[in-house]
Protein chains: 2
Amino acid sequence: MVDKKKAQNLLNYIGKYVILTPEEELSLLSHISYRKYLKGQYIIQQGDVCKYECFVISGCTKMFHMDHLGQEHIIMFAIEDWWTSDMGSFISQTEADFNVQCVENTELIMFHRDIIEKLYEEIPKLERFFRQIVERALVASQKRIVRSFSLTARERYLFFKNQYPEIEQRIPQYMIASYLGITKEFLSKIKSQITLNS
Amino acid sequence: MVDKKKAQNLLNYIGKYVILTPEEELSLLSHISYRKYLKGQYIIQQGDVCKYECFVISGCTKMFHMDHLGQEHIIMFAIEDWWTSDMGSFISQTEADFNVQCVENTELIMFHRDIIEKLYEEIPKLERFFRQIVERALVASQKRIVRSFSLTARERYLFFKNQYPEIEQRIPQYMIASYLGITKEFLSKIKSQITLNS
DNA sequence: AAAAAATGTTAAACTAGTTTAATATTTATG
DNA sequence: CATAAATATTAAACTAGTTTAACATTTTTT
């Protein structure tokens, strides 16, 4: 049973999509788990099978793919009130393509695969909730593809900085470069050009 | 009421995820609509509000964003047994960022927004079905992002050709170039290099 | 079957972003 | 507080992919 205080962010978040009764809330709390990770620790490792969907209570994670040349490609960050997982591995219980690693000390609420299935049966509202969450994630992902094709590196950086100012502050620049799909050297150049022009 | 024959592909497809009773199937058929479009026609236009999720019975569509320079960026194609929509516009009833246009004469089954909500209430299995569909779409989208960052244009082309050989045959090359995020001239060069080396 | 429209090819000049490598700056640690 | 480790900057040489423009081929229309 997760302490209600620790899960308050999650409950508020769910409350934006569906209204749970006190009993449903209690049942939810009894099925999920809370865990702390330290900066640098892996929540999911490429090659493992992913058993959890994770909600970030505090801290920051990066989800990335390591390619055959050993290069990291960051797909997303997750801070307070974001979800992270390797959905592909989670839904088909196959080897994960992605790593999720903590960029800061991080507190999570974790939904185990088997338990989430039971929760869908017991509280259909939660299935609605997750459907909506995933729909939004898909929209964000498609828009990211468009930006990667239609914007220059400079424009993508400015978009990111504008859309996620908190993240831009908390994360080393070389990770932002990886997220933008460019080298850290080129991001450095872009930033120096921007400061000159202002 | 959609003729069961016309919806057979859809019913088979849904059957891979959830089992509907004959009554549920009937109710479903009575709520969806069937429509034919001609090559070149738009199912969704950027700027409009998207009211439908569409299942392709036959034909082929492209979903693309037109940027401020008038350039098309193709996000996905949809052939038989695929879904297409502008999910962002559909879920929040805001102006669509994407166009969906027919590349061939196309037959669709269309799920209206208001009706899909009612169907979720009436047949919770359908909510499960759509949750799973969207989860898969998200996985595909995230993998596409990885490929756009970690592979060269040549590798992306070979991947596409290998993964979707049917689509590669049916679609003009310049659209494939757009899907891959490169110019048609460069794709032409890639293809000539590949044929030389084999 | 001719003309027009759409699609595909080739090649040269160009540019956005990479690579390499050296140095500077900031942050963490004994 | 000194040293190491991690992060960021700069610049020159380079390359993957773009641009432009002219031409070739295929498909559609009359």
Side-chain angles (χ1 to χ4, degrees), chain A residues 38-41 59-60 62 64 67-74 77 101-105 145 147-161 167-198, chain B residues 38-41 59-60 62 64 67-74 77 101-105 145 147-161 167-198:
Chain A
L38 295 174
K39 177 175 173 174
Q41 286 189 305
C60 180
K62 62 174 174 177
F64 65 98
D67 71 20
H68 57 290
L69 299 170
Q71 278 206 291
E72 267 187 43
H73 301 281
I74 298 179
F77 299 108
Q101 188 184 16
C102 297
V103 177
E104 302 172 356
N105 293 343
I145 293 173
R147 290 195 302 273
S148 82
F149 285 157
S150 65
L151 302 184
T152 62
R154 182 183 212 263
E155 291 167 328
R156 273 178 276 145
Y157 169 64
L158 291 172
F159 178 89
F160 176 78
K161 198 176 139 145
I167 299 182
E168 210 256 335
Q169 293 309 312
R170 283 161 71 168
I171 296 244
Q173 227 179 96
Y174 70 89
M175 289 188 197
I176 295 171
S178 168
Y179 176 87
L180 297 173
I182 59 179
T183 59
K184 57 196 196 319
E185 291 83 0
F186 192 53
L187 178 54
S188 186
K189 193 173 180 179
I190 287 170
K191 288 186 81 168
S192 77
Q193 281 169 356
I194 289 171
T195 33
L196 279 180
N197 296 356
S198 64
Chain B
L38 296 175
K39 178 174 171 174
Q41 285 188 304
C60 179
K62 62 173 174 177
F64 65 98
D67 72 19
H68 57 290
L69 299 170
Q71 279 205 290
E72 267 187 44
H73 302 280
I74 297 180
F77 299 108
Q101 189 184 15
C102 297
V103 177
E104 302 173 355
N105 293 344
I145 293 172
R147 291 195 301 274
S148 83
F149 284 157
S150 65
L151 302 183
T152 63
R154 181 183 213 264
E155 292 168 327
R156 273 177 277 147
Y157 170 63
L158 291 172
F159 178 90
F160 176 77
K161 197 176 140 143
I167 298 182
E168 210 257 335
Q169 293 310 311
R170 282 162 71 169
I171 296 243
Q173 226 178 93
Y174 70 89
M175 289 186 197
I176 294 172
S178 168
Y179 176 87
L180 296 173
I182 59 179
T183 59
K184 56 195 197 319
E185 291 82 1
F186 192 52
L187 178 54
S188 186
K189 194 173 180 179
I190 288 170
K191 289 185 81 167
S192 76
Q193 281 169 356
I194 289 171
T195 32
L196 280 179
N197 296 357
S198 64

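Order of the sequence lines fixes the chain letters, A, B, ..., with proteins taken first and strands second; residue numbering starts at 1 for each chain. What you see below is based on every heavy atom in this structure, not just the backbone, and it leaves out hydrogens, waters and symmetry mates. These numbers were taken from a predicted model, which means no experiment stands behind them.
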Look at the side chain of A:Ser178 and the backbone N and O of A:Tyr174, then say whether any donor-acceptor pair between them is shorter than 3.5 Å.
no
Is the backbone N or O of B:Lys62 less than 3.5 Å from a side-chain atom of B:Gln101, with the two atoms forming a donor-acceptor pair by type?
no
Rounded interatomic separation in angstrom, taking NZ from A:Lys191 and C1' from D:dA8
9 Å
Between A:Arg156 and C:dA16, is there a side-chain N or O to OP1/OP2 distance below 4.0 Å?
no
Applying a 4.0 Å non-hydrogen cut-off, can you work out what B:Phe186 is touching in the nucleic acid: base, sugar-phosphate, or nothing?
base
From CD1 of B:Ile182 across to P of C:dG8 the rounded distance in Å is 13 Å
With the side chain defined as heavy atoms from C-beta on, B:Tyr174 is closest, among C:dT10, D:dT7, C:dG8, to C:dG8
Distance test, side-chain N/O of B:Thr183 to OP1/OP2 of D:dG17, below 4.0 Å
no
So does B:Gln173 get a side-chain nitrogen or oxygen closer than 4.0 Å to the phosphate oxygens (OP1/OP2) of C:dA6?
no
Mapping A:Lys184 and B:Lys189 to their closest nucleotides on DNA chain D, which lands nearer the 5' end?
A:Lys184
Nearest listed nucleotide, side chain of B:Ala153, among D:dT7, C:dT10, D:dG17:
D:dG17
Can you tell me if A:Arg156 uses its side chain to pair, donor with acceptor, with the backbone of A:Tyr179 under 3.5 Å?
no
Closest non-hydrogen atoms of A:Asn105 and A:Leu38, given as atom of the first, atom of the second and distance, are OD1-CA, 3.4 Å
Which nucleotide in the list D:dT10, D:dG17, C:dT10 gets nearest to the side chain of B:Glu185?
C:dT10
Rounded interatomic separation in angstrom, taking CD from A:Gln193 and C1' from D:dA11
13 Å
